[in-house]
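The structure displayed is predicted, hence computed values, not measured ones. Within every chain, numbering begins at 1; the chains are lettered A, B, ... in the order of the sequence lines, protein sequences first and strands thereafter.
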2 protein chains.
Amino acid sequence: MSKCESCIIKEFNSLKSLTREELMRVSACKTGKIYRKGQVIFEEGETINGVYCVKDGVCKLSKLSENGKDQVVKLVVKGGLLGKRSLVSEQKTNLSAIALNDMEMCFIPKSEIMNDLSKNPKFTMDVLREMANDLKDSDESLVNMAQKSVKRRMAEILMYIHDDFGTDEDGYLSIILSREDYASIVGTATESAIRILSQFKKEGLISATGKRIKIEDYNSLKWME
Amino acid sequence: MSKCESCIIKEFNSLKSLTREELMRVSACKTGKIYRKGQVIFEEGETINGVYCVKDGVCKLSKLSENGKDQVVKLVVKGGLLGKRSLVSEQKTNLSAIALNDMEMCFIPKSEIMNDLSKNPKFTMDVLREMANDLKDSDESLVNMAQKSVKRRMAEILMYIHDDFGTDEDGYLSIILSREDYASIVGTATESAIRILSQFKKEGLISATGKRIKIEDYNSLKWME
DNA sequence: TTTAAAATATGATATTTGTCATGTAATTAG
DNA sequence: CTAATTACATGACAAATATCATATTTTAAA
């Protein structure tokens with residue numbers, strides 16, 4: 001397994017604020033893991049004693065609602081860290097993480113990080129900053145969820161995936177999700193999600209072959225009432 | 001103005017992790033402020049260079065949605081800190097804070113706190129912990145908003161206020177909100193909020209005299225489908 | 001490859017929620 | 001104290017969304 005200090009992933013997350021020495025120590029104790037599509041990385045209620053660093057692939061962070069439906073709270077891609085909250089809290093995790101495609105990850109035990117968290121202010125500030133940002137995003141999502149229609153939310157998630165995670169060479173969204181996944185991101189019934197995507201297709205806003213979706217008319221999506 | 005070190009408020013927030021010396025320095029530079037009911041403490045888009053410490057009263061943190069409606073994201077009472085995010089980010093605040101009744105607050109400039117944030121790991125960890133907790137709460141709210149009916153959400157906010165902020169000697173919720181506030185917490189139209197509260201009243205789940213609301217049948221609220 | 005299972009699609013219908021209209025009660029300004 | 005404004009209430013209706021039923025297509029397992 002490659003060393004953390006040479007891993008480009010660290011450019012994307014808080015680990016970039018660790019010194020060379022710290023990174024080497026972290027590297028020595030990290031565990032590489034492969035997850036297959038659909039596999040559970042951790043589940044709501046588990047105690048996760050460390051952080052997962054995503055080297056490749058995408059996963060969803062979701063939470064089971066009392067009505068039995070999953071709600072996706074966040075998508076995490078290369079460079080993201082899972083389980084930050086476990087660093088500062090003894091509580092069990094409130095979210096489940098499930099791989100959306102094949103993933104490569106590193107697991108870094110909490111004990112290793114804690115040392116740096118108490119001694120390297122730059123690193124701590126960075127973790128703090130990331131968490132503050134997550135919080136801002138979460139507030140934003142809350143407002144969207146509360147105030148916008150399902151159609152609008154669907155349009156926005158499509159644009160979000162397009163903008164933040166990019167497209168493949170043919171212009172298709174590089175993150176592939178099932179209609180059920182879309183439903184549980186947008187917070188609606190699967191049938192409704194299907195219906196809305198069909199409608200977008202009819203209106204020429206998107207095109208789709210199976211699960212692969214391409215945005216054809218970004219502006220109309222953006223300005224749709 | 002009293003000194004921070006003798007202020008009981010510090011027991012409730014991150015400031016408790018500051019040393020006696022640090023608290024004295026903070027105390028020396030803080031500014032006491034009084035806000036009247038309805039007054040704006042800060043507004044979305046402003047740069048707030050510090051944190052507000054709530055000594056008395058209640059305020060709402062809200063965000064304006066694109067549809068022109070406000071969405072309340074959090075209620076903050078005695079012991080809460082506003083503007084934590086400003087400590088770690090240069091960005092403008094994403095939320096507005098408005099007093100729900102007369103409030104007493106202390107403002108502590110960012111410059112003072114920053115010193116402690118970089119030198120006192122215990123304090124930093126505490127801020128981190130608080131932010132992690134906010135994040136957890138926010139995720140929770142997101143799921144509720146996405147998956148539960150307006151009626152259910154209303155029942156839950158009533159129970160939340162009851163459990164977390166308490167009642168007065170007559171059993172009425174100690175936080176007094178307008179129906180419009182309830183609507184913008186629950187994320188619905190004002191008329192819908194009014195209608196649901198009326199319905200709860202008819203069903204004997206709550207009683208209300210004007211804005212004062214008392215929970216009469218907690219269990220039915222809790223188990224309501 | 002064949003077949004069973006899962007995902008997608010769509011109609012019909014019920015339920016929830018929003019909007020507009022209008023009236024009454026409660027607050028607040030003068 | 002009174003007038004005027006704002007908050008609350010409720011009906012009627014429209015729009016959005018969920019649910020149930022049932023094909024059809026796609027995917028995965030044997």
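Across the protein-nucleic acid pair, B:Phe200 atom CZ and D:dA9 atom C1' stand 16 Å apart, rounded to whole Å. Summarising the geometry, the separation between CD on B:Glu180 and P on C:dT19 is reported as 14 Å, rounded to the nearest angstrom. Rounded to an integer number of Å, the gap from A:Arg179 CZ to D:dT27 C1' is 14 Å. If you measure from atom CG of A:Asp181 to atom P of C:dA6, you get 16 Å, rounded to the nearest angstrom. One interatomic measurement links the two molecules: CD1 of B:Ile194 to C1' of C:dG18, which rounds to 13 Å at whole-angstrom precision. In this structure, B:Lys148 places its NZ atom 20 Å from C1' of C:dT15, rounding to the nearest Å. For the pair B:Glu225 CD and C:dT15 P, the interatomic distance rounds to 12 Å; values are reported in whole Å. Here the P atom of nucleotide C:dA26 and the CD1 atom of B:Ile176 are 15 Å apart, to the nearest Å.
Judged purely by distance below 3.5 Å, without hydrogens or angles, the side chains of B:Ser184 and B:Asp181 never pair a donor atom with an acceptor atom. Checking A:Glu216 against A:Ser207 by side-chain atom types alone, a donor-acceptor pair falls below 3.5 Å.
Nearest to the side chain of B:Lys211, among C:dG18, D:dA9, D:dA7, sits D:dA7. With D:dA7, C:dT17, C:dT10 as the candidates, the nucleotide lying closest to the side chain of B:Val150 is C:dT17. Listed candidates were D:dC20, D:dA18, C:dG18. Nearest to the side chain of A:Glu191 is D:dC20.
The residue from B:Lys84, B:Glu130, B:Arg129 that alone fulfils the side-chain hydrogen bond (donor to acceptor under 3.5 Å, both in side chains) condition with B:Ser14 is B:Glu130.
Taking for each of A:Gly210 and A:Ser149 the nucleotide of DNA chain D with the nearest heavy atom, the 5'-most of the two is the partner of A:Ser149. DNA chain D is contacted by both A:Ala189 and B:Leu177; B:Leu177 maps to the nucleotide lying nearer its 5′ end (nearest heavy atom per residue). Comparing B:Ile196 and A:Thr190 by the nucleotide of DNA chain C whose heavy atom lies nearest to each, the residue mapping closer to the 5' end is A:Thr190.
Contact check, A:Ser198 against C:dT10: a side-chain N or O comes under 4.0 Å of OP1 or OP2. Between B:Thr188 and C:dT17 there is no side-chain N or O to OP1 or OP2 distance below 4.0 Å. For C:dT19, one of the phosphate oxygens OP1 or OP2 lies less than 4.0 angstrom from a side-chain nitrogen or oxygen of B:Lys69. Between B:Ser192 and C:dG18 there is a side-chain polar atom (N or O) within less than 4.0 angstrom of OP1 or OP2.
Taking SG of B:Cys53 as the reference point, atom CG of B:Asn13 lies at 5.0 Å (rounded to 0.5 Å). The distance from atom OH of A:Tyr35 to atom OH of A:Tyr52, rounded to the nearest 0.5 Å, is 4.5 Å.
With hydrogens and angles left out, the side chain of A:Arg195 and the base of D:dT19 share a donor-acceptor pair within 3.5 Å.
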